Amino acid sequence: MFKFGCKSSCQHSFLGKSKKQVAIAERHQELLMLAREIIALEGFHSFTMDKLAAKSAYSKGTIYNHFNSKEDVIVALSIESMKFMESLFKRAYEFQGSSRERMVALHVAYNLFSKLEPVMFLCVLTSKTPWVMEKCDPENLEKSIAQEERLIAVADQFITDAVSAGDLQLSPTISSDTLIFANWAVAFGTNALINSAKESRCIEPVLDPFTALYNINIMLDGMQWLPLSSKWDYKKVWLKVEETIFADEVICLKASNSI
């Protein structure tokens, strides 16, 4: 399982803090983990602060010292989700290959994230809905925006490298931000449908281990991102990324599917 919320994933943030500050930070992470469990079972709309208090060992007053509302909890989950995606994308960037192969590696990371952490996967988009944003603390929204900008900066490097290598050309009307949004839109839609609507008559006939890759190749070919899928075997790239960069995540996914 991904290391969201565990001590080993956030030890670096405890450096220089007092014991009291560390205890508060650990409690904050614990509450987010419990919130994620509740949402996984009952959904975002059924999640309440009362349910979080009932599931935790802390009083409602203590919980409200961390979060002003359930909307603040959702935004906090979204921030943690984007932090972890940032770490995954940075690992994908280290894949040894062409710029397009590294972009495929990024999509492998996102695909695995969507399967292993379905609540966190949906949380980023949910945190942008009006019913959350209207009630969330403005300071937390600013933190979310700042983390989103850091995540976009990592994704932008994939595009920048492709342009520098001559594998991709930007037109006057198509910016790097446009291509990042297109990649996110296709990847989110594909993974959400694969994970949530497997019984659909439209989806079931096309499902196989490379369904997400097919859509990605259609999009990247449309961008004329070289090498085109007709000239390169991106199935091998996808498998190599899983076997090398994200081997531990693949093992976790297989283990969770066998339960």
Side-chain angles (χ1 to χ4, degrees), residues 1-89 110 113-154 188 192 195-196 249 252 256 259:
M1 184 63 65
F2 290 136
K3 295 181 180 179
F4 164 75
C6 71
K7 290 183 181 180
S8 61
S9 68
C10 55
Q11 284 293 329
H12 66 279
S13 64
F14 296 161
L15 295 176
K17 291 186 175 182
S18 67
K19 289 184 178 180
K20 182 178 180 180
Q21 289 173 321
V22 170
I24 291 172
E26 288 181 339
R27 185 167 62 234
H28 184 88
Q29 290 293 311
E30 181 184 350
L31 290 170
L32 289 180
M33 289 288 288
L34 292 174
R36 182 182 61 169
E37 292 174 10
I38 296 169
I39 293 169
L41 291 173
E42 303 184 31
F44 286 98
H45 284 283
S46 294
F47 171 70
T48 65
M49 297 293 276
D50 285 341
K51 289 180 181 179
L52 181 57
K55 192 173 181 66
S56 76
Y58 308 108
S59 67
K60 287 180 67 175
T62 297
I63 293 174
Y64 275 101
N65 284 334
H66 287 268
F67 310 104
N68 293 334
S69 64
K70 75 171 189 177
E71 289 78 18
D72 277 325
V73 176
I74 291 171
V75 170
L77 283 170
S78 171
I79 292 170
E80 293 299 324
S81 179
M82 288 189 286
K83 285 180 181 178
F84 200 82
M85 279 194 286
E86 180 184 354
S87 72
L88 291 176
F89 291 177
Y110 194 58
F113 182 65
S114 76
K115 292 176 179 177
L116 279 168
E117 289 286 358
V119 170
M120 306 304 288
F121 169 71
L122 293 172
C123 205
V124 175
L125 195 63
T126 302
S127 70
K128 302 297 184 184
T129 56
W131 69 271
V132 172
M133 296 188 71
E134 290 171 359
K135 297 181 180 180
C136 180
D137 188 299
E139 183 178 347
N140 286 334
L141 287 178
E142 288 297 321
K143 291 179 181 179
S144 176
I145 292 170
Q147 180 56 49
E148 184 178 356
E149 289 175 347
R150 287 191 287 271
L151 183 63
I152 291 172
V154 175
F188 178 84
N195 297 343
S196 305
E249 284 77 13
C252 286
S256 64
I259 296 175

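Because the structure is predicted, anything quoted here is derived from the model rather than measured.
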Set of side chain to side chain contact (heavy atoms under 4.5 Å, CB included) partners for [X], sequence neighbours left out:
{"X": "E139", "value": "D137, K143"}
{"X": "L151", "value": "M82, M85, E86, F89"}
{"X": "S59", "value": "T62"}
{"X": "K19", "value": "none"}

List in chain and number order the residues that pass salt bridge (charged side-chain N to carboxylate O under 4.0 Å, His left out) with [X], two or more places apart in sequence or in another chain; answer none if no residue qualifies.
{"X": "E71", "result": "none"}
{"X": "K70", "result": "none"}
{"X": "K83", "result": "E80"}
{"X": "K128", "result": "E148"}

Can you list the residues that meet the ring pair (Phe, Tyr, Trp, His ring centres under 6.0 Å) rule with F67, with sequence neighbours excluded? H28
Residues in ring pair (Phe, Tyr, Trp, His ring centres under 6.0 Å) with F188, at least two apart? F121
Suppose we screen for side-chain hydrogen bond (donor to acceptor under 3.5 Å, both in side chains). Which residues come up paired with E42, at least two apart in sequence or across chains? K51
How would you list, by chain and number, every residue that makes a side-chain hydrogen bond (donor to acceptor under 3.5 Å, both in side chains) with K60, sequence neighbours excluded? D50
What is the distance from atom CD of Q29 to atom CG of L31, rounded to the nearest 0.5 Å? 9.5 Å
Evaluate the criterion salt bridge (Lys or Arg N to Asp or Glu O under 4.0 Å) for residue pair K115 and E249; output intermediate values, then yes/no. CA-CA 10 Å; K115 292 176 179 177; E249 284 77 13; over 6 Å; no
When every non-hydrogen atom of S78 is compared with those of S144, the smallest separation belongs to OG-OG, 4.4 Å
Expected output: side-chain S127 to main-chain V75 donor-acceptor under 3.5 Å: no
